[in-house]
Amino acid sequence: MRLLVTGGDGFIGSNFIHYWFGRHPKDSIVNVDKLTYAAVPSNLDGVGKYDYEFIRGDIADKKLADRVSKDVDAIINFAAETHVDNSIASSERFVHSNVVGVHTLLEASRKHEKRFHHVSTDEVYGALPLHSSRKFDEKSAYKPQNPYSATKAAADHLVNAYFHTYRMKLTISNCSNNLGPRQHKEKLIPKAITNALAGRKIPVYGKGLQVRDWIYVLDHCSALELILRKGEYGSTYLIGANQERRNIDVVRQILRELGKPESLIEYVKDRAGHDPRYAIDAGKIKEELGWRPKYSFNKALRETIKWYVGSSAA
Ligand SMILES: NC(=O)c1ccc[n+]([C@@H]2O[C@H](COP(=O)([O-])OP(=O)(O)OC[C@H]3O[C@@H](n4cnc5c(N)ncnc54)[C@H](O)[C@@H]3O)[C@@H](O)[C@H]2O)c1
């Protein structure tokens, strides 16, 4: 199999490339990444021993998208602007990469009749009330509430519309919050770990009561592999590991694991329009594709901490 991975220098894309080569060492991967501030090229240390090619470029570049799509068996799109806070400050780049970029990849996939999987987020469904047992599923209505999630929702709509219009080999996955190695330090868990290790304050929005449904990044990767191989064209799959945690409890657990004091927590003004809770019902991918997550939250957090401790010592 020859795969085109976009955004492979980011958090999930790089874990996916390591995961894929670990399981399919004879396959080849072309990674197209613009290398924005969020890219960490060292995330891909070690892949040179495989059939791997890196191309620095923008998924919204039509000529590039056309050229790199031609000779691959499948395309999996991770490339995106991903930080909600940045999208609140200015959303132009988000529209460019997350909407125009996906449209460009869809056009290239259409021209060359390629299998295309789009990696999306549960944030497209908006938020759930804090105190409820409701979860998002494939029938939930789209209701994005910040510029980041609005651009991801727009891309999902394009993918669905392309399926209905052109009957292409398309699938979408909407995953909950990932944790694991190689995530940019701007995000909650890496920031909490690296700040705690350095003895710096850890900013927590509001009172930290927002709830996120956490999944280890390698469990996300195994779900993506199944969808790529067996997903039904035109389908959306929600991915989550049923591990809801309040942000403040996640930060406290990190401090406990590292033996650091809770006085490092610094409550800061809440994010504008902060979604209170996300939660995923992953019943469809479990029933239809037989997917099961392997990592408990505690194990995932320990693996993640171990990786950041190792990389801060290196
Ligand atoms: N991190 C999560 O918890 C999570 C959860 C669900 C879904 N997702 C989705 O998964 C995907 C990957 O997320 P992540 O956390 O790894 O993001 P990330 O910010 O760590 O990495 C994004 C990568 O995309 C690249 N990129 C950005 N714009 C590009 C463009 N126009 N052309 C080419 N490359 C470009 C960046 O350079 C970077 O390497 C995103 O689509 C995101 O919406 C993330």
Side-chain angles (χ1 to χ4, degrees), residues 4-7 10-13 32-34 36-38 57-62 64-66 69 75-111 114-128 136-178 187 212 220 224 227 231 233-240 271-275 278 280:
L4 169 60
V5 172
T6 66
F11 167 41
I12 306 174
V32 171
D33 196 300
K34 191 176 172 182
T36 69
Y37 79 97
D58 187 333
I59 56 166
D61 174 341
K62 288 183 194 165
L64 175 69
D66 184 73
S69 307
I75 301 164
I76 178 160
N77 178 41
F78 295 94
E81 289 291 338
T82 61
H83 195 34
V84 175
D85 288 349
N86 293 343
S87 80
I88 292 169
S90 165
S91 48
E92 199 175 337
R93 281 181 296 139
F94 288 72
V95 173
H96 173 83
S97 294
N98 303 3
V99 185
V100 179
V102 173
H103 179 257
T104 308
L105 291 175
L106 280 168
E107 278 296 299
S109 311
R110 181 160 83 94
K111 179 171 170 194
K114 297 299 176 187
R115 167 89 178 87
F116 177 78
H117 178 73
H118 177 58
V119 179
S120 190
T121 164
D122 59 353
E123 299 193 30
V124 298
Y125 302 112
L128 296 162
F136 299 130
D137 65 23
E138 287 75 5
K139 294 196 183 72
S140 298
Y142 276 74
K143 200 177 175 239
Q145 304 199 119
N146 59 60
Y148 161 68
S149 53
T151 59
K152 294 297 291 186
D156 289 12
H157 287 314
L158 276 173
V159 176
N160 281 323
Y162 267 59
F163 176 75
H164 288 286
T165 310
Y166 305 111
R167 295 286 144 183
M168 293 164 57
K169 299 173 193 167
L170 304 175
T171 43
I172 300 176
S173 54
N174 299 84
C175 189
S176 61
N177 283 59
N178 286 220
K187 304 281 169 48
R212 300 295 180 256
H220 186 184
L224 292 173
I227 297 169
Y233 301 151
S235 278
T236 287
Y237 296 91
L238 264 61
I239 307 170
R271 170 190 282 167
H274 208 165
D275 289 339
Y278 308 132
I280 289 273

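Just so you know, these numbers use all the heavy atoms, side chains as well, and skip hydrogens, waters and symmetry mates.
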Have [X] and [Y] got a donor and an acceptor in their side chains that come within less than 3.5 Å?
X      : Y      : result
Ser176 : Asp122 : no
Ser173 : His117 : yes
His96  : Asp58  : yes
Ser109 : Arg115 : no
Glu123 : Tyr278 : yes

In the structure I gave you, are the side-chain heavy atoms of [X] and [Y] within less than 4.5 Å of one another anywhere?
X      : Y      : answer
Ser91  : Thr151 : no
Lys152 : Val102 : no
Ile76  : Val119 : yes
Thr121 : Asn174 : no
Lys34  : Ile59  : no
Leu170 : His118 : no
Phe163 : Lys169 : no
Met168 : Val159 : no

For this session: Please confirm whether Tyr148 and His83 have ring centers closer than 6.0 angstrom.
Result: no
For this session: Using side chain to side chain contact (heavy atoms under 4.5 Å, CB included) as the criterion, list what pairs up with Ser140, not counting sequence neighbours.
Result: Tyr125, Phe136, Asp137
Problem set entry | By side-chain hydrogen bond (donor to acceptor under 3.5 Å, both in side chains) - contacts of Ser97 (at least two apart) | none
For this session: With sequence neighbours excluded, tell me which residues meet side-chain hydrogen bond (donor to acceptor under 3.5 Å, both in side chains) with Thr82.
Result: Lys187
Check [X] against [Y] and note the closest heavy-atom contact, atom names and distance.
X      : Y      : answer
Gly57  : Val32  : O-CG1, 3.6 Å
Thr36  : Glu81  : CG2-OE2, 3.8 Å
Leu224 : Ile239 : CD2-CD1, 4.3 Å
Ala65  : Ser69  : O-OG, 2.5 Å
Glu138 : Leu238 : OE2-N, 2.8 Å

Side chain [X], main chain [Y], donor-acceptor under 3.5 Å:
X      : Y      : value
Lys62  : Ala108 : no
Thr6   : Phe78  : yes
Ser149 : Asn146 : yes

